[in-house]
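Inspection log for the structure reproduced underneath, given as structure tokens.
Numbers restart at 1 for each chain; the letters A, B, ... are given by sequence-line order, proteins then strands.
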Number of protein chains: 2
Amino acid sequence: MKGIRHLADHLDISIGTVSRALNGRPDVKEETRNRVLEAARKLGYVPNQSGRSLRQGTTNIIGFMIQTGTEINGQGDTFFMSVFDGVQEVFARHKLDLVALLCSSQEDPAEYLRRAVARGFADGLILSATQRQDARVQLLAERNIPFVTLGRTLTDAGQPWLDLDFEGMAQASIDRLVARGHRRIAITRPHDDANLGYIFVERCREALAAHGLTLEENLVFRSTPNEAGGYRIGRDLLALEERPTAIVLINETIAIGFYRALSEAGVRAGSDIAVIGRHSPHAHFLSPSLTCFRLSLHDLGIALAETLLSSMPAFAHHYPDAPVNRLWPMELVDGESDAFRAHKS
Amino acid sequence: MKGIRHLADHLDISIGTVSRALNGRPDVKEETRNRVLEAARKLGYVPNQSGRSLRQGTTNIIGFMIQTGTEINGQGDTFFMSVFDGVQEVFARHKLDLVALLCSSQEDPAEYLRRAVARGFADGLILSATQRQDARVQLLAERNIPFVTLGRTLTDAGQPWLDLDFEGMAQASIDRLVARGHRRIAITRPHDDANLGYIFVERCREALAAHGLTLEENLVFRSTPNEAGGYRIGRDLLALEERPTAIVLINETIAIGFYRALSEAGVRAGSDIAVIGRHSPHAHFLSPSLTCFRLSLHDLGIALAETLLSSMPAFAHHYPDAPVNRLWPMELVDGESDAFRAHKS
DNA sequence: CATAGTTCCGTAAACGTTTACGGACGGCGA
DNA sequence: TCGCCGTCCGTAAACGTTTACGGAACTATG
């Protein structure tokens with residue numbers, strides 16, 4: 001015999017009382033409760049997940065969906081590891097468990113998600129790597145599953161979202177570079193349909209326009225969000241007849257490949273071209289160090305968790321004034337890579 | 001009304017038949033089965049996870065435990081994403097789902113695991129970031145939960161494991177460097193109790209001894225497995241009175257920090273010191289490119305999955321001759337960083 | 001002492017599945 | 001015609017919990 005019945009027999013009380021004692025119900029004598037808790041600890045009893053969630057229709061599990069294989073999320077492992085840690089800090093307070101739902105690169109993300117929620121796997125979801133048109137959003141909204149997205153989509157259904165402030169990044173980058181004399185500024189965007197690319201490019205365009213400049217389409221580089229993509233951008237940029245004097249890199253890891261391409265051509269960031277990128281653990285350790293936009297991933301995770309919980313009836317009262325939608329600011333950190341000043345033409 | 005009962009009512013048959021039809025039992029008429037499958041598809045029916053696993057005591061879920069927060073796993077950016085993808089390729093054939101069990105940096109890994117298995121969360125486990133003494137191994141062995149570890153421990157309990165061939169890496173690195181005239185060779189190891197550190201150091205020592213050389217203790221650098229750790233190693237190494245002429249880096253990401261430290265001192269890998277490291281997506285894109293040990297992470301994931309399944313009674317017959325323990329070979333890929341030859345003294 | 005209220009606990013139903021068991025039905029051979 | 005076997009399906013129990021309900025034992029109040 002296993003489970004709660006074992007515990008009940010051992011203590012010679014009924015399973016109902018055991019359950020009530022463990023769940024902190026008021027109608028159980030304090031002494032009895034202590035006996036139960038003690039025995040549970042000693043016998044290493046932990047309630048069976050399936051039994052519990054079958055009965056009460058809730059799993060106490062929150063799923064963070066990520067897509068495996070590389071080149072998809074556009075973020076490194078360390079990105080998610082840090083975010084996860086922040087999320088869990090909040091969830092721990094509510095006895096919620098975080099698991100990562102891993103969608104294989106072989107499977108359609110929306111279909112994967114449909115299966116996961118139909119099985120009743122999780123009480124809530126966190127979605128990342130949102131595409132511009134993202135079928136997952138509508139799916140969850142229809143099913144009334146609480147969720148939050150890391151990244152806006154065009155198909156938002158009123159769900160809470162957080163997103164990095166790419167508008168702010170675009171504005172600040174362009175402003176700084178223009179102030180330093182740059183007129184021909186290259187930018188990058190992801191190769192896929194990620195919404196952030198559209199947002200970033202448009203805001204760069206506007207920011208340039210505010211300075212009386214226009215965004216040249218051949219200075220918008222599209223690439224996979226990895227080192228190879230950055231290398232490709234570097235090669236393409238260097239092959240231009242008229243090189244831009246500055247570039248803003250939207251992804252974390254592409255700087256390394258970009259540097260390599262420069263290096264092969266004897267060009268040096270900071271000396272021959274100004275480079276602004278995104279922070280990652282290696283940003284400070286490149287040579288020259290990367291001027292980049294940084295954010296606290298841990299705090300981002302905390303905010304994600306709080307936003308999600310505030311949309312779940314059972315937890316909302318703990319987070320009365322959590323904002324539903326939030327642009328997460330990034331901080332411009334000085335490095336050596338943007339030291340190059342363009343001559344006024 | 002929901003679930004299988006809904007489906008049964010809709011088709012005007014009993015729930016037992018529906019279940020049998022869906023699960024591919026033989027005792028159901030082909031025509032009935034097709035009607036059921038069709039209706040299930042149309043209504044989007046997916047069996048409830050809790051009900052199913054409560055009844056049959058199995059979840060069809062395999063958990064891959066990883067520890068969140070950074071500096072813990074000691075792997076580079078996309079390491080896990082690639083491994084996951086390989087694992088899933090195998091699991092998909094058996095309708096098994098892979099989820100990542102995320103242990104917060106605030107929680108004791110063994111305690112976390114104890115809770116997870118007691119709740120009956122997963123049918124099997126994959127453990128990574130194994131420490132030299134790892135309480136998780138004994139825990140799972142006692143409870144008779146099928147599992148495989150990525151990394152050997154001293155407390156192995158006869159469970160299947162896979163591990164990278166750090167012996168081979170040590171041997172090949174030392175042999176190559178010695179053949180190129182190096183006599184004073186530095187090596188690195190993780191800061192924590194990870195078993196691979198012990199293995200690697202000892203094998204390097206042996207390999208050196210075979211060439212009549214001794215491993216100097218002050219040339220063994222211990223560091224966190226990240227860029228900052230690599231930077232620290234570089235600084236410490238450059239501060240030595242007598243610098244080694246070569247170094248072997250055991251972690252993936254430390255090369256970037258190491259390069260930075262060199263760069264600040266006007267020293268260049270490949271020209272002034274020979275560097276051998278571990279492959280990661282950025283290895284080819286550093287300047288100079290990193291001579292490193294590479295492995296197929298996707299294939300490693302496949303092997304992990306197969307090894308695990310071969311130890312699970314329900315699946316073992318599919319993998320009759322999967323090796324229980326396996327040293328996974330790494331391939332030495334030429335780069336520019338080890339071009340430096342030491343003068344014979 | 002009678003009554004009402006409170007405190008605590010046992011009983012049993014319910015959650016959504018799977019599956020052992022048995023029954024209905026039809027085909028077949030003797 | 002009778003009995004047997006095979007095919008297909010319905011019935012109900014079981015998995016491990018939680019929780020509504022009711023009842024027993026006390027306590028308080030009059």
Would you tabulate the side-chain donor-acceptor contacts of residues 26-33 of chain A under 3.5 Å, counting partners in other chains and residues two or more places apart, or write 'none'?
from  : atom 1 : to    : atom 2 : distance (Å)
A:R33 : NH1    : A:A21 : O      : 3.0
A:R33 : NH2    : A:R25 : O      : 2.5

Is there a donor-acceptor contact under 3.5 Å linking the side chains of A:T153 and A:N195? no
Nearest heavy-atom approach of B:A100 to B:I66 is CB-CD1, 4.3 Å
When the ring planes of B:H94 and B:H318 are compared, do they come out parallel, tilted or perpendicular, using 30° and 60° as the limits? tilted
Under 4.0 angstrom, heavy atoms only, what part of the nucleic acid is A:G57 near: base, sugar-phosphate, or nothing? nothing
If you look at every heavy atom in B:G63 and B:A122, which pair is closest and at what distance? N-CB, 3.8 Å
Look at all strands and tell whether B:S19 reaches a base, only sugar-phosphate, or nothing, counting heavy atoms closer than 4.0 Å. base
Span of DNA chain C in contact with chain A (heavy atoms, under 4.0 Å): C:dC8 to C:dG16
Please work out which residues in residues 111-122 of chain B have a non-hydrogen atom less than 4.0 Å from an atom of DNA chain D and list them by number. none
Quick one: on DNA chain C, does B:L54 or B:G16 contact a more 5' nucleotide (nearest heavy atom)? B:L54
Can you give me every donor-acceptor pair (side chain of residues 298-308 of chain A, partner residue at least two apart or in another chain, under 3.5 Å) with its distance?
from   : atom 1 : to     : atom 2 : distance (Å)
A:H298 : NE2    : A:E89  : OE1    : 2.6
A:D299 : OD2    : A:S296 : OG     : 3.2
A:T307 : OG1    : A:A303 : O      : 2.7

Would you check, one step at a time, whether the test ring-ring contact (aromatic ring centres under 6.0 Å, His included) holds for B:H10 with B:Y45? CA-CA 12 Å; B:H10 183 257; B:Y45 169 78; over 10 Å; no
Under 3.5 Å side-chain donor-acceptor pair for B:Q88 and A:T68: yes
Side chains of B:D192 and B:Q131 in contact at under 4.5 Å (non-hydrogen atoms): yes
Does any residue of residues 23-41 of chain A have a heavy atom under 4.0 Å from DNA chain C, and if so, which ones, in number order? A:D27, A:V28, A:K29, A:T32
Taking B:T78's backbone N and O only, do any of them form a donor-acceptor pair with B:S82's side chain (distance below 3.5 Å, no angle check)? yes
Using the C1' atoms of the five pairs at each end, what is the angle between the end axes of the helix from C:dC1-D:dG30 to C:dA30-D:dT1, to 10°? 60°
When rounded to the nearest 0.5 Å, the distance separating CG of B:L154 from OG1 of B:T130 is 10.0 Å
Dump the intermediate steps for side chain to side chain donor-acceptor pair (under 3.5 Å) on A:D134 and A:T155, then the final yes or no. CA-CA 7 Å; A:D134 205 311; A:T155 50; over 6 Å; no
Quick one: A:I13 CD1 to D:dA25 C1', roughly how many Å, whole number? 17 Å
